[in-house]
Q: 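Have a look at this one.
For the single chain, residues carry numbers from 1 onward in sequence order.
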Amino acid sequence: MTRIEKVIYTGKTRTSSGGRNGESRSSDGRLDIKLSSPGTAGSGTNPEQLFAAGWSACFIGAIGIAAAGMKVKLPADLAVDAEVDLGTTDGAYFLQARLKLSMPGVEREVAQALVDAAHQTCPYSKATRGNIGVEINLV
């Protein structure tokens, strides 16, 4: 396991005892959300949606770093659609994920090189590598 030498940022949240049906707030007040279990009629978001949003945002940042290194101009409409599945196998809960990337106007080979580089450097990709099923596709 790689140990962090210098912490850049620490996200701090507190989630109520309701867990998936509770509330979560960040220490700085910027995040204040209701949570609902997936597939219920609740009005809140769920951990899988939050994970998908965080990973897709981070992945775009990693693409930007790769593009700067390769001197590639990224399109304004670059997008990452993230899907995080919650499922079971033999009665135990697991996650799996898919990232679908769209880079209109970027040659496919260049776009694939950017995606491959981003997947190697994105902290979310590193955290999930070898731990959950992940598919990354350029669309």
Q: Determine, step by step, whether Asn137 and Leu99 satisfy the side-chain contact (heavy atoms from CB on, under 4.5 Å) criterion, reporting the C-alpha distance in whole Å, the side-chain angles of both residues, the deciding distance to 0.1 Å, and the verdict.
A: CA-CA 6 Å; Asn137 297 300; Leu99 299 181; over 6 Å; no

Q: For a quick test of your reading: what N or O donor-acceptor pairs under 3.5 Å do the side chains of residues 68-83 make, sequence neighbours left out?
A:
{"residue": "Glu83", "atom": "OE1", "partner": "Arg98", "partner atom": "NE", "Å": "2.7"}
{"residue": "Glu83", "atom": "OE1", "partner": "Arg98", "partner atom": "NH2", "Å": "2.9"}
{"residue": "Glu83", "atom": "OE2", "partner": "Lys100", "partner atom": "NZ", "Å": "3.4"}

Q: Could you check if a side-chain atom of Asp85 sits within less than 4.5 angstrom of a side-chain atom of Leu95, using non-hydrogen atoms only?
A: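 Sidechains of Leu95 and Asp85: no contact.
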
Q: Does the side chain to side chain donor-acceptor pair (under 3.5 Å) test come out yes or no for Gln112 and Asp116, once each step is laid out?
A: CA-CA 6 Å; Gln112 188 63 57; Asp116 293 344; 2.9 Å; yes

Q: Can you tell me if Asn21 uses its side chain to pair, donor with acceptor, with the backbone of Ser37 under 3.5 Å?
A: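 Indeed, once roles are kept as given, a pair shorter than 3.5 Å links the two residues.
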
Q: Can you tell me how far the OG atom of Ser27 sits from the CZ atom of Arg14, to the nearest 0.5 Å?
A: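 Those atoms lie 12.0 Å apart.
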
Q: Are Val110 and Met103 in one and the same hydrophobic cluster, where Ile, Leu, Val, Met, Phe, Trp and Tyr link if side-chain heavy atoms are under 4.5 Å apart?
A: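 Shared cluster, yes.
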
Q: Can you hop from Val84 to Leu50 via hydrophobic side chains spaced under 4.5 Å?
A: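 In one cluster: no.
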
Q: Give a yes or no answer on whether the side chain of Gln49 reaches the backbone of Asn46 with a donor-acceptor pair at less than 3.5 Å.
A: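 Confirmed, Gln49 side chain pairs with Asn46 backbone.
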
Q: Compare every heavy atom of Ala127 with every heavy atom of Asn131, then report the nearest pair and how far apart it is.
A: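 Closest approach of Asn131 to Ala127, heavy atoms only: ND2-O, 2.8 Å.
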
Q: How far apart are the closest heavy atoms of Arg108 and Leu138, and which atoms are they?
A: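 Between these two residues, the closest heavy atoms are NH2-O, 3.2 Å.
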
Q: Looking only at non-hydrogen atoms, find the nearest pair between Thr128 and Val134 and report the distance.
A: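 Closest approach of Thr128 to Val134: OG1-CG2, 3.9 Å.
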
Q: Which one of Leu31, Ile33, Asp32 satisfies the side chain to side chain contact (heavy atoms under 4.5 Å, CB included) criterion with Thr13?
A: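 Among Leu31, Ile33, Asp32, the one meeting side chain to side chain contact (heavy atoms under 4.5 Å, CB included) with Thr13 is Leu31.
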
Q: Got a second to check how far Arg129's CZ is from His119's NE2, nearest 0.5 Å?
A: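 Reported value, rounded in 0.5 Å steps: 4.5 Å.
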
Q: Just how far is it from atom CZ of Phe59 to atom CD1 of Ile136, taken to the nearest 0.5 Å?
A: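 Between atom CZ of Phe59 and atom CD1 of Ile136 there are 4.0 Å.
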
Q: Would you find a donor on one side and an acceptor on the other, under 3.5 Å apart, between the side chain of Arg20 and the backbone of Pro47?
A: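 It does not hold such a pair.
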
Q: State whether the side chain of Thr15 and the backbone N or O of Ser24 hold a donor-acceptor pair below 3.5 Å, judged by distance alone.
A: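 No, Thr15 side chain to Ser24 backbone: no donor-acceptor pair under 3.5 Å.
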
Q: Does Tyr93 form a side-chain contact (heavy atoms from CB on, under 4.5 Å) with Leu86? I'd like the steps, not just the answer.
A: CA-CA 7 Å; Tyr93 290 97; Leu86 171 64; 4.1 Å; yes

Q: Quick check on the hydrophobic clustering: are Val139 and Leu101 connected, directly or via other members, by side-chain heavy-atom contacts under 4.5 Å?
A: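 Shared cluster, no.
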
Q: Could you report the tightest heavy-atom contact between Thr121 and Ala62, atom names first, then the distance?
A: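 Answer, listing the atom of Thr121 first, then Ala62: OG1-CB, 3.7 Å.
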
Q: List the atom of Ser43, the atom of Ser36, and the distance in Å for their closest heavy-atom pair.
A: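 Where Ser43 meets Ser36 most closely, the heavy atoms are N-OG, 3.3 Å.
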
